[in-house]
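FYI, side chains are in, hydrogens and waters are out, and symmetry mates aren't considered; it's all heavy atoms of this structure. Atoms within a ligand are numbered from 1 in the order they appear, just like the ligands themselves.
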Amino acid sequence: MSIPSRVKIVEVGPRDGLQNEKEPVPAAIKVELVHRLQDAGLKEIEVTSFVSPKWVPQMGDNAEVMAGIQRRSDVRYSVLTPNLKGFEAAVPTQPHEIVVFGAASEAFSQKNINCSIAESIERFRPVVQQAVEQGIAVRGAISCAVGCPYEGDIAPERVELVARLMRDIGVQHVGVADTIGVGTPNRVQRALEAALKHYSVNEVSGHFHDTYGMALANTLASLQLGIWHFDTSVAGLGGCPYAKGATGNVATEDVVFLLHGMGIETGIDLDKLVDAGKFISDFLGRKPNSRAATALLNKRANAAS
Ligand code: HMG
Ligand code: MG
């Protein structure tokens, strides 16, 4: 399999990135972040999630954020919908794509969405059916695809099972998610290969949290399998509130630096992306959690002095 010449990035910073922030981030800041990301050339943005505000208060402004975005016709906006209630609330906000999120680990499924894997599939079934009927694309996330904070190592067969169940109910694309960032390249490749038993290489993405610093290596390992869709988060923001100790997604800036360095096209302007990351990091009162962003910001500061 040759390395892809082009990669599609789904920017998940506004959703996965901000969902775990303890202090409320105003909707206007989230909207401004989305605007800056689309100005930087991101064509797919995961904006928010229609989950219970009791479970994830930070996403309680979902409809307000969706309404505040000045949309571009060449950008697709996606949202998470765990059940019909979330889907029905999401539809009026006109997402291009919805994401149902399950897990390869029973314990994580219980902690994150309060039901078993089998029950989650039954909850997703009508959501997927209605989305497809309404022309809304459907992505599925498979959390804990290599390791689980409660169950430890997860076998590829578990990923294959969830991929098969998602395929059966009509999910069009699956994300293989290393929720707690414990994956190393070989194990991530096994998890991806499990999903590839039921989905084509054009229908599988990598979603890597960087807790142990393995996410770039895992991105390269995925490219070696021909995978060309990745979820990444500007400034490395993020983490799942139900995966304690897990840090953010791999930084979009770092992945873009890697890809451009390999001659792989993304359509993203790295300088503008660094600005977007700095904008949200300044708001949160911290430095971007991205080596590439840090290096480029230092370079700018040195050039100015
Ligand atoms: P539940 O408590 O079992 O739900 O939660 P329920 O159906 O029993 O309803 C209980 C209450 O919640 C009711 O309200 C419902 O109306 C309300 P009450 O009558 O008590 O006032 N409710 C909702 N409200 C708003 N939106 C909804 C909704 N559904 C029910 N959609 C539920 C089940 C799935 C809702 C809950 O567990 C939940 O919201 N979980 C979401 C957790 C979450 O967002 N996690 C982070 C995203 S996943 C992630 O980050 C992983 C990913 O990045 C990939 C990776 O890295 O692994 C995607
Ligand atoms: Mg995630």
Between R187 and D178, is the closest basic N to carboxylate O distance under 4.0 Å? no
Could you enumerate the protein N, O or S atoms under 2.8 Å from the Mg ion (ligand 2), written like residue then atom name? D16 OD2, H207 NE2, H209 NE2
Under 3.5 Å, which donor-acceptor pairs do the side chains of residues 124-134 form with other protein atoms, sequence neighbours left out?
residue: R125; atom: NE; partner: E122; partner atom: OE1; Å: 3.0
residue: R125; atom: NH2; partner: E122; partner atom: OE2; Å: 2.9
residue: Q129; atom: NE2; partner: E133; partner atom: OE2; Å: 3.4

Applying side chain to side chain contact (heavy atoms under 4.5 Å, CB included), can you list everything that pairs with A67, at least two apart in sequence or on another chain? none
Inspect the contact between D153 and R158 and indicate whether a charged nitrogen and a carboxylate oxygen are less than 4.0 angstrom apart. no
Under 4.5 Å between any side-chain heavy atoms of L33 and V234, yes or no? yes
Cluster check V188, V12: I/L/V/M/F/W/Y, side chain < 4.5 angstrom: no
Mutual orientation of the aromatic rings belonging to H229 and H173 [parallel < 30°, tilted 30-60°, perpendicular > 60°]: perpendicular
Between R286 and E21, does at least one N-O distance fall below 4.0 Å, as a salt bridge requires? yes
Residue shell for ligand 1, any heavy atom closer than 4.0 Å, reads R15, D16, Q19, F50, V51, S52, P53, K54, W55, V56, L80, P82, N83, K85, G86, F101, N112, I113, N114, R123, A141, S143, A177, T179, H207, H209, C240
Would you mind reporting whether L42 and I268 have side-chain heavy atoms less than 4.5 Å apart? yes
